[in-house]
Amino acid sequence: MQRHLHRTLLFCATLIALTALYGCKSAPENTADAAAETDVIQDSSATLDRVEVSGTRIRREDAQRGMQAASAQKNVGYARLAPPPPPPPAPASIAYEANATGAYLSIAPVAVQQQPANTEKYAARTDNPVHRTSEQPVSTFSVDVDTGSYSNVRRMLRDGMRPPADSVRAEEFINYFSYQHPAPTTRDVPFRVTTELTAAPWDSRRQLLMVGIKGYDVAKATLPPSNLVFLLDTSGSMESPDKLPLLKQAFSMLVPQLRAQDRVSIVVYAGSAGLVLSPTPGDRHEEILAALDQLQAGGSTNGGDGIQLAYAMARQSFIKNGVNRVILATDGDFNVGTVSQEALETLVGDQRKSGIALTTLGFGQGNYNDAMAERLADVGDGNHAYIDTPQEARKVLVEEMQATLLTIARDVKIQVEFNPAQVSEYRLIGYENRILQREDFANDKVDAGDIGAGHEVTALYEITPVGSGADRLPALRYGDKPAAAGNSTNELAHLRLRYKLPTQQASKLIETPILPSSLSTRPSESIRFASAVAAYADLLRGGTNIGTWSWNDVGNAARNAQGDDRYGLRKEFVALVTQARQLVAAENRTPAIAGE
């Protein structure tokens with residue numbers, strides 16, 4: 001019995017020693033740890049920008065959890081363990097950064113600001129096809145003096161965005177630049193037509209035919225009296241610097257050009273349409289500028305009501321034999337009011353017939369409705385431009401003011417008949433949404449584009465000479481019909497042009513033959529630069545029509561054809577080609593994979 005009592009006492013002493021040892025281990029390991037714990041408790045009562053987690057405390061808490069787990073395992077036979085607590089909710093995204101000691105600091109959750117959805121709208125388009133001359137020898141289209149596509153794409157490239165293919169309209173790229181086409185010597189005919197023929201730079205077996213039209217110019221002082229209505233979008237989406245502030249700056253450039261015989265009204269539209277400035281003599285510059293300066297953005301976009309009020313003001317101040325025009329400036333959709341595009345086109349078309357034209361100016365990005373702006377300008381016998389910089393505003397509203405405001409020829413149509421004995425195939429570059437039926441050419445009831453004072457229009461055809469070996473269409477199984485013999489077989493093509501004078505309803509006809517002997521082995525700077533612009537547009541749309549020509553080829557061709565670049569626009573174009581090349585290359589570059 002004594003031996004049993006001795007063993008019992010020894011066991012109790014061992015338990016007491018273990019208990020004391022465990023109590024020592026559960027206390028802070030040193031005074032520094034105790035101080036750290038005290039600091040944490042004190043700091044928890046304050047509002048913290050960040051929380052520092054010390055490595056020492058983590059180690060101590062890990063040790064405690066390990067001992068508690070061991071204790072639980074020892075008692076597993078005597079007590080039922082409680083179920084584990086539910087997992088905590090997923091934390092907000094928190095970023096961490098290491099401090100100088102190697103510990104990690106938590107940073108306040110980063111609020112990811114979602115960018116507004118891009119709802120820009122562009123009309124779908126497909127490049128003009130290659131036509132076999134023996135099957136379809138006649139090409140007919142309406143002229144186009146719009147330039148909005150070029151400056152809009154320029155804005156995208158500068159912002160580091162690759163433009164959608166449908167935003168690229170080759171004819172507007174080409175017509176953005178002046179090619180110094182010769183002007184008419186008299187006003188008996190409002191413009192002069194010229195042609196140039198040379199080898200295509202991307203395939204010397206083919207040829208490029210350039211058709212140039214130059215309208216007569218007038219001095220600003222001799223412009224007829226103008227009745228202008230500024231129809232300005234002041235909806236909430238116009239608040240950014242590239243929208244309403246740039247719009248106000250742009251129109252402020254136009255105001256000093258106005259004279260006492262001119263009339264100006266300002267209509268704005270947001271949630272509702274309003275008259276900011278009733279018809280006012282154009283020489284009251286300070287009054288007009290003050291009305292522009294007070295404009296502020298807010299509300300939705302009731303464009304339909306705005307257009308109706310603008311036309312009402314134009315009718316109220318209508319000037320017979322003068323310039324009567326509404327200038328619409330907006331960033332996007334008409335999202336309330338008259339929203340149907342068909343209804344808007346009907347309204348604009350009816351007012352055009354009464355002598356009031358419509359010009360559209362686009363601003364900003366994100367919700368820009370290019371398709372509607374371009375179409376309304378077409379229906380309204382006006383032109384469409386996109387203002388991305390103050391320099392572009394000056395170009396459109398100051399330097400080209402006469403062309404923007406004064407129409408010298410209406411419903412201008414071009415028709416080219418190619419000779420199958422000389423031309424195997426042809427392709428019109430651009431003008432996809434201006435194609436007319438063959439019978440529309442002589443139909444004076446079919447609307448077409450207008451030309452303003454001093455305007456230039458340039459069109460390019462790529463043609464494949466017979467026997468060149470550069471045909472793209474496969475041969476027909478049963479062969480082509482032989483070309484009819486006649487005196488005209490020595491002609492390459494025959495060019496016809498129809499137009500109406502502004503006050504007349506019957507069209508006039510101009511005709512001129514194009515001879516193979518006109519082929520130039522020393523092309524002018526104009527056609528060399530125009531071909532570079534056409535190739536640039538094609539590359540932006542996928543590059544399917546220019547053979548092996550690359551971005552570098554386009555840049556070199558444009559650089560060597562800058563000529564007299566008064567405003568630096570051609571030099572700017574060369575820089576844009578470089579930007580586009582780098583952007584496309586970055587998009588096409590695939591990441592390298594280790595081991596490959």
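Taking both residues in full, the closest heavy atoms of P190 and I408 are given as O-CD1, 3.5 Å, listed atom of the first, atom of the second, then distance. Pairing each heavy atom of T198 with each of P523, the nearest pair is OG1-CB, 3.4 Å. Across every non-hydrogen atom of K214 and P184, the tightest pair is O-CD, 3.3 Å. For the pair V323 and P224, the tightest heavy-atom approach, listed with the atom from each and the gap, is CG2-CG, 4.0 Å. In this structure, L540 and F173 approach most closely via the heavy-atom pair CD1-CE2, 3.8 Å.
Partners of Y461 under the side chain to side chain donor-acceptor pair (under 3.5 Å) rule, at least two apart in sequence or in another chain, are S139. With sequence neighbours left out, the salt bridge (Lys or Arg N to Asp or Glu O under 4.0 Å) criterion links K413 to no other residue. The side chain to side chain donor-acceptor pair (under 3.5 Å) test applied to T133 returns no partner, not counting sequence neighbours. Taking the side chain to side chain donor-acceptor pair (under 3.5 Å) definition, one finds that S550 meets it with D553, sequence neighbours left out. For the side chain to side chain donor-acceptor pair (under 3.5 Å) test, residues two or more places apart in sequence or in another chain that qualify with D159 are Q365. With sequence neighbours left out, the ring pair (Phe, Tyr, Trp, His ring centres under 6.0 Å) criterion links F529 to F177, F573. In this structure, R559 has no salt bridge (Lys or Arg N to Asp or Glu O under 4.0 Å) partners at least two apart in sequence or on a different chain.
From L358, atom CG reaches atom CD of E345 across 11.5 Å, with rounding to the nearest 0.5 Å. In this structure, CG on N383 lies 7.5 Å from OG1 on T360, to the nearest 0.5 angstrom. Separating the CZ atom in F418 from the CG atom in L209 is a distance of 6.0 Å, to the nearest 0.5 Å. How far CD1 of I174 is from CD1 of I429: 6.0 Å, rounded to the nearest 0.5 Å. For the atom pair NE2 of H131 and OG1 of T464, the computed distance is 12.5 Å after rounding to the nearest 0.5 Å. Note that OG of S226 and CD of Q261 are 8.5 Å apart. Values are rounded to the nearest 0.5 Å.
A side-chain donor-acceptor contact under 3.5 Å links N545 and D127. Between the side chains of Q180 and S178, at least one donor N or O sits under 3.5 Å from an acceptor N or O. A donor-acceptor pair shorter than 3.5 Å cannot be found between the side chains of S468 and R206. Between H384 and T359, the side chains place no donor N or O within less than 3.5 Å of an acceptor N or O (distance only, hydrogens not considered). Side-chain atoms of S149 and R169 form no donor-acceptor pair, as typed in the model, at a separation below 3.5 Å. Side-chain contact, E172 with T147: no donor N or O sits under 3.5 Å from an acceptor N or O.
Between the side chain of D370 and the main chain of A123, no donor-acceptor pair closer than 3.5 Å is present. Not one N or O on the side chain of S167 forms a donor-acceptor pair closer than 3.5 Å with the backbone of P163. A donor-acceptor pair under 3.5 Å links the side-chain atoms of R570 to the main chain of A561, judged by distance alone. Judged by distance alone, the side chain of N324 and the main-chain N or O of I319 form a donor-acceptor pair under 3.5 Å. Between the side chain of R263 and the backbone N or O of A260 there is at least one donor-acceptor pair closer than 3.5 Å. With hydrogens and angles ignored, the 3.5 Å screen pairs no side-chain donor or acceptor of N227 with any backbone N or O of V264. The closest donor-acceptor contact from the side chain of R410 to the backbone of Q504 lies under 3.5 Å. A donor-acceptor pair is defined here as one N or O able to donate and one able to accept, closer than 3.5 Å; such a pair exists between the side chain of N560 and the backbone of N556.
Put simply, the side chain of L361 does not reach to within 4.5 Å of the side chain of L328, judged on heavy atoms. At a threshold of 4.5 Å between non-hydrogen side-chain atoms, the residues R315 and I356 count as touching. P164 has its side chain within reach of Y122: a pair of non-hydrogen atoms, C-beta onward, lies under 4.5 Å apart. Residues L497 and I213 meet the side-chain proximity criterion, which asks for heavy atoms closer than 4.5 Å. You'll find the side chain of Y567 reaches within 4.5 Å of the side chain of E399, heavy atoms only. Side-chain contact between L228 and L405 is present, with heavy atoms from C-beta onward closer than 4.5 Å. Two residues are said to be in side-chain contact when any heavy atoms from C-beta on lie closer than 4.5 Å; T404 and I327 fail this criterion. In this structure, I307 and Q351 have side chains that are not in contact, with every pair of non-hydrogen atoms separated by 4.5 Å or more.
Between R158 and E572 there is a salt bridge, since a side-chain N of the basic residue sits under 4.0 Å from a carboxylate O of the acidic one. K395 has a carboxylate O that lies under 4.0 Å from a charged side-chain N of E400, or vice versa, which qualifies the two as a salt bridge. Note on K500 versus D411: salt bridge recorded, some NZ/NE/NH1/NH2 to OD/OE distance being below 4.0 Å.
The ring-ring contact (aromatic ring centres under 6.0 Å, His included) analysis of residues 196-216, with sequence neighbours excluded, yields the pairs W202-W549. Residues in residues 437-447 take part in these salt bridge (charged side-chain N to carboxylate O under 4.0 Å, His left out) pairs, two or more places apart or across chains: R352-D447. Pairs passing the side-chain hydrogen bond (donor to acceptor under 3.5 Å, both in side chains) check and including a residue from residues 515-531, sequence neighbours excluded, read E196-S524. Listed by first then second residue, pairs satisfying side-chain hydrogen bond (donor to acceptor under 3.5 Å, both in side chains) with a partner in residues 423-434 read R125-E432, D144-R434, D146-R434, N175-Y431, E374-N433, D378-R434, S424-D471, R427-E462, not counting sequence neighbours.
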Side chain to side chain contact (heavy atoms under 4.5 Å, CB included) between R496 and E417, intermediate numbers included: CA-CA 8 Å; R496 303 180 184 93; E417 180 182 354; 3.1 Å; yes

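K571 NZ: 12 or fewer foreign heavy atoms inside a 6.0 Å radius.
Applying side-chain contact (heavy atoms from CB on, under 4.5 Å) to Y311 and the options V348, V229, V267 leaves one that passes, V348. Test T195, L197, L515 against L492 for side-chain contact (heavy atoms from CB on, under 4.5 Å) and you get one pass: L197.
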Identify each donor-acceptor pair in which a side-chain atom of residues 386-393 lies under 3.5 Å from a protein atom, sequence neighbours left out, and give them as a table.
from: Y386; atom 1: OH; to: R155; atom 2: NE; distance (Å): 3.2
from: Y386; atom 1: OH; to: G364; atom 2: O; distance (Å): 2.4
from: D388; atom 1: OD1; to: R154; atom 2: NH2; distance (Å): 2.8
from: D388; atom 1: OD2; to: R154; atom 2: NE; distance (Å): 2.9
from: D388; atom 1: OD2; to: R154; atom 2: NH2; distance (Å): 3.3
from: T389; atom 1: OG1; to: Q391; atom 2: N; distance (Å): 3.4
from: T389; atom 1: OG1; to: Q391; atom 2: OE1; distance (Å): 3.4
from: T389; atom 1: OG1; to: E392; atom 2: N; distance (Å): 3.0
from: E392; atom 1: OE1; to: R154; atom 2: NH2; distance (Å): 3.0
from: E392; atom 1: OE1; to: Y176; atom 2: OH; distance (Å): 2.5

